[in-house]
Amino acid sequence: GNAGTQSSTLILRGLATGDIAISDWMKVLVKETLVGISLGAILGVLAFVRGYYDPHGTVKLAMVIGISMIALVFWANIIGSLLPIVLAKFKLDPAVISSPFMATFIDVTGVFIYFNVAGYLLSS
């Protein structure tokens with residue numbers, strides 16, 4: 001939730017100050033994709049190590065945690081950056097996706113991401 005909230009805050013500020021236009025959505029998407037993958041990879045590696053060295057940790061469990069972290073941070077950055085632009089495009093107030101909404105949305109979808117990754121990796 002924090003990565004998505006940070007992204008949406010930066011985009012909201014950019015929209016408000018005129019630094020970002022709705023037509024800049026592709027530039028925003030590329031930048032936030034790189035940021036999401038980079039941050040996700042760093043946190044994913046740390047989460048993998050933490051999961052692996054847990055007293056009850058296994059390689060598969062560590063992989064579930066690490067891959068889920070990468071996917072979730074990436075997802076949070078993309079949603080956090082594009083949702084304000086989409087709302088602005090439809091002439092809606094992009095501020096409605098404030099921190100509580102963004103954190104809740106990312107957390108709920110994050111549970112689905114985690115369980116899908118776990119289901120796939122642990123079923124084999």
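Heavy-atom basis, side chains included; hydrogens, waters and symmetry copies ignored.
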(message) With clusters defined by side-chain heavy atoms of hydrophobic residues (ILVMFWY) lying less than 4.5 Å apart, directly or transitively, does V45 cluster with I70?
(response) no
(message) When you compare the side chain of I85 with that of P94, does any pair of heavy atoms fall below 4.5 Å?
(response) no
(message) What verdict does the side-chain contact (heavy atoms from CB on, under 4.5 Å) test give for I65 and F48, after you've listed the backbone C-alpha separation in whole Å, the side-chain angles of each residue and the deciding distance to 0.1 Å?
(response) CA-CA 6 Å; I65 295 168; F48 175 88; over 6 Å; no
(request) Measure the spacing between CG of N77 and OG of S7 and express it to the nearest 0.5 Å. (result) 3.5 Å
(request) Would you give the length of the straight line joining atom CG of L87 to atom CG of L15, rounded to the nearest 0.5 angstrom? (result) 10.0 Å
(request) Taking all non-hydrogen atoms of both residues into account, name the closest pair between I11 and P84 and its distance. (result) CG2-CB, 4.0 Å
(request) Determine whether M26 and I78 fall in the same hydrophobic cluster, where Ile, Leu, Val, Met, Phe, Trp and Tyr are linked whenever their side-chain heavy atoms lie under 4.5 Å apart. (result) yes
(message) Quick check: do L83 and F101 have side-chain heavy atoms less than 4.5 Å from each other?
(response) yes
(message) Test side-chain contact (heavy atoms from CB on, under 4.5 Å) on V111 and D107; report intermediate values, then the result.
(response) CA-CA 6 Å; V111 170; D107 289 346; 6.0 Å; no
(message) Set out, in order, the CA-CA distance, both residues' side-chain angles and the distance that settles side-chain contact (heavy atoms from CB on, under 4.5 Å) for I20 and R13, then state yes or no.
(response) CA-CA 9 Å; I20 297 173; R13 182 185 180 283; over 6 Å; no
(request) Please step through side-chain contact (heavy atoms from CB on, under 4.5 Å) for the pair Y114 and L72, ending with a clear verdict. (result) CA-CA 8 Å; Y114 175 78; L72 186 53; over 6 Å; no
(request) Give me the one residue out of V59, L61, V64, N116 that meets side-chain contact (heavy atoms from CB on, under 4.5 Å) with L121. (result) V64
(request) Please name the residue in the list Q6, E32, K31 that meets the side-chain contact (heavy atoms from CB on, under 4.5 Å) test with S81. (result) E32
(message) Atom CG of residue position N2 - does it have more than 12 heavy atoms of other residues, nucleotides or ligands inside 6.0 Å?
(response) no
(message) Please give me the minimum heavy-atom distance between M69 and G44, naming the atom from each residue.
(response) CG-N, 3.7 Å
(message) With a 4.5 Å cut-off on side-chain heavy-atom distances among I, L, V, M, F, W and Y, is there a chain of contacts connecting V49 to I42?
(response) no
(message) If I take atom CD1 from residue I79 and atom CD1 from residue I106, how far apart are they, to the nearest 0.5 angstrom?
(response) 6.0 Å
(request) Please answer: with hydrophobic residues joined when any side-chain heavy atoms are less than 4.5 Å apart, are V28 and L39 in the same cluster? (result) no
(request) With rounding to the nearest 0.5 Å, note down the distance linking CE in M63 to OH in Y52. (result) 12.5 Å
(message) Hydrophobic cluster membership, with links at side-chain heavy-atom distances under 4.5 Å among I/L/V/M/F/W/Y: are F90 and M102 in one?
(response) yes
